[in-house]
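Just so we're clear, the structure is a prediction, and the values are computed from it rather than from any experiment. In the text below, chain A, chain B and the rest are named by the order of the sequence lines, each starting its count at 1.
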Amino acid sequence: MQPADYETLTPDQAIAYQNELRQKIRIEPLDKPIRIIGGADISFNKYSEIVYAGIILLKYPEMTVISHASVVSRTSFPYISGLLAFREVPALLEVWNKLDIKPDLLVLDGQGIAHERRLGIATHFGLVTDVPTIGSAKSRLRGKYAEPANEVFAQSPMYDRDEVIGTALRTKRNCNPIFISPGHRISMEQSVEVIKNCIRGYRIPEPTRHAHLLVNKVRVDDSGKDTQFSLF
DNA sequence: GCGACAG
DNA sequence: ATCTTGTCGC
């Protein structure tokens with residue numbers, strides 16, 4: 001199955017594919033140090049099949065932006081909770097292939113293994129590219145957890161039955177926690193450690209925060225390209 | 001049956 | 001996610 005063919009899948013087939021991919025997930029320590037970390041995100045206009053995907057590259061742990069890439073693509077796969085990867089991975093893969101340099105690790109906006117079948121978008125993308133990934137979500141999809149104390153970096157494990165699938169991490173005082181989970185080829189502990197090193201005063205870690213700003217700018221610029229002519 | 005439900 | 005201004009709180 002190729003990402004380019006995802007749009008031909010029915011929800012049931014997508015779920016069957018996730019159960020297949022599930023066997024290949026590797027939650028283990030990183031095999032090399034991180035020099036460059038990437039952040040990926042997608043943006044789109046409501047009701048449109050056009051999607052703007054982007055990836056930002058930053059030096060780690062300095063968090064200084066090195067470069068970025070973006071692409072305008074399209075998808076017909078709808079947003080279905082639990083099947084987000086089938087809608088966003090194809091476009092993200094296009095940007096990934098445009099990258100002149102590949103990061104040592106990629107942070108995605110969404111879950112890693114904190115998913116009903118352990119196949120959040122970060123895990124899915126990591127498996128497809130064979131690159132270490134971390135899922136950093138703004139809200140919970142799966143797992144029970146105790147509210148972390150109102151202190152920066154207070155954390156609390158997320159449980160699915162008796163299994164720890166993620167960590168609720170408070171990255172800023174008086175702000176809701178974010179939900180971290182390893183995607184592929186990294187451990188739970190390292191995932192949290194890396195994200196903590198990516199916090200610079202905002203609730204969202206730098207990789208994903210910059211990626212979000214990037215794709216939004218690309219979308220707004222592209223959406224207004226028709227109007228610019230009438231201005232002359 | 002009812003509530004939950006990444007982006 | 002996106003649509004959108006002001007506004008309450010630290």
Side-chain angles (χ1 to χ4, degrees), chain A residues 3 6-7 11 14-15 18 21-22 25 39-55 70 72-93 95 106-127 133-145 149-152 154 158-161 165-184 191 195 201-205 207-224:
Chain A
Y6 287 175
E7 57 184 339
I15 289 174
Q18 290 184 323
L21 280 181
R22 181 174 187 169
I25 304 172
D41 194 18
I42 277 196
S43 175
F44 56 86
N45 287 309
K46 203 173 183 177
Y47 309 129
S48 172
E49 290 193 348
I50 302 299
V51 296
Y52 303 88
I55 293 181
S70 63
V72 181
S73 187
R74 60 178 299 163
T75 177
S76 58
F77 200 97
Y79 166 70
I80 299 175
S81 181
L83 301 180
L84 178 65
F86 295 90
R87 173 177 170 75
E88 303 193 348
V89 166
L92 288 177
L93 209 48
V95 200
L106 186 69
V107 182
L108 291 96
D109 196 351
Q111 318 293 339
I113 60 170
H115 176 283
E116 45 269 61
R117 286 172 295 282
R118 305 296 178 268
L119 262 148
I121 189 169
T123 301
H124 195 125
F125 193 84
L127 284 169
T133 57
I134 295 176
S136 174
K138 297 181 293 302
S139 60
R140 183 203 72 99
L141 170 64
R142 182 84 171 193
K144 300 187 63 177
Y145 66 98
N150 190 19
E151 302 277 343
V152 174
M158 298 166 72
Y159 292 95
D160 186 5
R161 298 297 187 86
I165 59 174
T167 301
L169 178 69
R170 178 147 274 137
T171 50
K172 183 173 183 176
R173 267 208 146 200
N174 301 315
C175 283
N176 291 323
I178 57 175
F179 305 87
I180 309 304
S181 58
H184 185 52
S191 296
I195 293 301
Y202 294 91
R203 177 192 179 218
I204 307 301
T208 300
R209 193 174 74 79
H210 282 294
H212 189 265
L213 292 173
L214 167 66
V215 296
N216 263 318
K217 175 174 173 49
V218 172
R219 175 173 62 85
V220 173
D221 288 351
D222 184 73
S223 301

Can you check ring pair (Phe, Tyr, Trp, His ring centres under 6.0 Å) on His184(A) and Phe125(A), steps first, answer last? CA-CA 9 Å; His184(A) 185 52; Phe125(A) 193 84; over 10 Å; no
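Evaluated for a salt bridge (Lys or Arg N to Asp or Glu O under 4.0 Å) with Asp160(A), the options Arg118(A), Lys144(A), Arg140(A) yield exactly one hit, Arg118(A).
With rounding to whole Å, Asn174(A) atom CG is found 12 Å from dG9(C) atom P. Remark: P of dT2(C) and CZ of Phe44(A) are 6 Å apart, rounded to the nearest angstrom.
Ile15(A) has its side chain within reach of Leu83(A): a pair of non-hydrogen atoms, C-beta onward, lies under 4.5 Å apart. Counting only heavy atoms from C-beta outward, the side chains of Val107(A) and Arg209(A) never approach each other to under 4.5 Å. Using a 4.5 Å cut-off on side-chain heavy atoms (C-beta onward), Glu88(A) and Val51(A) make no contact.
Contacts between residues 207-219 of chain A and DNA chain B, counted as heavy-atom distances below 4.0 Å, involve no residue at all.
For His115(A), the ring pair (Phe, Tyr, Trp, His ring centres under 6.0 Å) criterion is met by no residue, not counting sequence neighbours. In this structure Ala122(A) satisfies the side chain to side chain contact (heavy atoms under 4.5 Å, CB included) test together with Leu108(A), Thr133(A), sequence neighbours excluded.
Rounded to the nearest 0.5 Å, atoms CG (Leu21(A)) and CG (Leu127(A)) are 5.5 Å apart. To the nearest 0.5 Å, atoms OG (Ser73(A)) and CD1 (Ile42(A)) are separated by 8.0 Å. Taken to the nearest 0.5 Å, the CD1 atom of Ile121(A) stands 5.5 Å off from the CG atom of Leu92(A). Distance OG1/Thr75(A) to OH/Tyr6(A): 11.5 Å, rounded to 0.5 Å. Once rounded to the nearest 0.5 Å, the distance linking NE2 of His212(A) with NZ of Lys138(A) reads 6.0 Å.
At the phosphate of dT2(C), OP1 or OP2 sits under 4.0 Å from a side-chain N or O atom of Ser43(A).
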Parsed dot-bracket for DNA chain C after applying the Watson-Crick and G-U rules with both distances under 3.5 Å and | for other-strand partners is ..........
Polar pairs (N or O, both sides) under 3.5 Å between protein and nucleotides 3-6 of chain B?
| from | atom 1 | to | atom 2 | distance (Å) |
| --- | --- | --- | --- | --- |
| dC5(B) | OP1 | Arg140(A) | NH2 | 3.4 |
| dC5(B) | O3' | Ser81(A) | OG | 3.4 |
| dA6(B) | OP2 | Tyr79(A) | OH | 2.5 |
| dA6(B) | O4' | Gln111(A) | NE2 | 3.4 |
| dA6(B) | O3' | Ser139(A) | OG | 3.4 |
| dA6(B) | N7 | Gly82(A) | N | 3.0 |
| dA6(B) | N6 | Gly82(A) | O | 3.1 |
| dA6(B) | N6 | Leu83(A) | N | 3.4 |
| dA6(B) | N6 | Leu84(A) | N | 3.2 |
| dA6(B) | N1 | Ile121(A) | N | 3.0 |
| dA6(B) | N3 | Gln111(A) | N | 3.1 |

Below 3.5 Å between N/O atoms, which protein atoms pair up with nucleotides 4-7 of chain C? Just atom names and distances, please.
none

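In this structure a side-chain-to-backbone donor-acceptor pair under 3.5 Å is present from Gln18(A) to Gly82(A).
Nucleotides of DNA chain C nearest to Arg173(A) and Glu88(A) differ in position, and the one nearer the 5' end is that of Glu88(A).
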